Structures are given as structure tokens and as C-alpha cells.
Amino acid sequence: MGADDFVATRDAVAFADHAGRFDFILDTVSAGHDYNAYLGLLRRDGTMVLVGMPEPTALSAGALIMGRRRLSGSLIGGIRETQEMLDFCAEHGVAADVELIAMQDINDATSAC
């Protein structure tokens with residue numbers, strides 16, 4: 001899909017191997033996960049933006065303070081923001097991989113993730 005690289009974070013080793021690597025993380029996960037681990041992937045002054053809505057989880061102030069990191073959140077945007085996102089994707093060749101499934105198969109689809 002045009003990505004230069006990616007990090008699979010199922011293995012805890014990935015967090016150690018890529019600590020301090022990213023300027024920005026867009027966190028779209030709605031399942032519970034450890035924000036502190038992902039904040040550790042950010043460089044100094046990095047930002048992580050949450051757009052998923054998981055259950056509450058503990059957050060260590062040290063993960064933010066020691067690296068001057070920012071944690072932010074956002075709901076989906078309105079029409080103007082959506083158009084800006086689509087324009088950005090078109091300009092940079094960002095595409096989506098979409099799979100349509102029948103509603104009755106939704107539980108099978110989510111368990112495969």
C-alpha cells in the first residue's frame with residue numbers, strides 16, 4: 001500500500017527495538033492497550049493522537065514528561081476536515097484496503113484481527 005516501513009507491536013521486543021523512533025503515532029485502536037508502551041516509541045517532542053475509544057487505562061506521567069511528549073485525542077472531523085484528509089491522501093498516494101463483509105459475519109471478522 002505504499003508504506004516504507006511498519007512495526008508489528010504484538011511482540012514486546014518491537015517496543016524495545018523501536019523506542020524513540022517516531023515523531024507521530026496515530027492510535028486508532030479501540031481495544032484496550034498500554035498507552036505507555038506506545039508513548040515510548042515517540043521521539044522527544046513526539047505526539048500520539050488517540051482516535052479509537054478503548055476502555056480507560058492507566059497512564060504514566062513519566063512517559064509524557066521525560067520525553068516532552070504529547071498525548072491528544074480527536075473524534076472524526078466534519079466535512080471540511082474530511083475533505084482535507086482526502087486531498088492529503090490523493091496528493092501523497094495514500095490508499096485504503098477495504099474488505100466488505102456481511103453483517104452476520106461481523107463477529108468472525110473482528111476475531112480475526
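Here the structure is a predicted model, which means the values were calculated and not measured.
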Inset, instruction - Considering only Ile, Leu, Val, Met, Phe, Trp and Tyr, and joining two whenever side-chain heavy atoms are under 4.5 Å apart, list the other residues clustered with Y35. - result: V7, F15, F22, I25, Y38, L39, L41, L42, M48, L50, L59, L64, L71
Inset, instruction - List for me each residue that meets salt bridge (charged side-chain N to carboxylate O under 4.0 Å, His left out) alongside D11, sequence neighbours excluded, and say none if there are none. - result: none
Legend entry - Heavy-atom side-chain contact between H33 and D27 under 4.5 Å: yes
Inset, instruction - Grab the two heavy atoms, one from N36 and one from A63, that are nearest each other, plus how far apart they are. - result: OD1-CB, 3.9 Å
Inset, instruction - Might you point out which heavy atoms bring A8 and A14 nearest each other, and give the distance in Å? - result: O-CB, 3.3 Å
Inset, instruction - Could you name each residue pair satisfying salt bridge (Lys or Arg N to Asp or Glu O under 4.0 Å) that touches residues 78-96, not counting sequence neighbours? - result: none
Legend entry - More than 12 heavy atoms from other groups under 6.0 Å of CD on Q104: yes
Inset, instruction - Indicate yes or no: at least one non-hydrogen side-chain atom of V51 is less than 4.5 angstrom from one of L26. - result: yes
Legend entry - F24 side, atom CZ; R43 side, atom CZ - distance, nearest 0.5 Å: 14.0 Å
Legend entry - From CZ (R69) to CZ (R44), nearest 0.5 Å: 8.5 Å
Legend entry - Nearest heavy-atom neighbours spanning G52 and S30: CA-OG, 3.7 Å
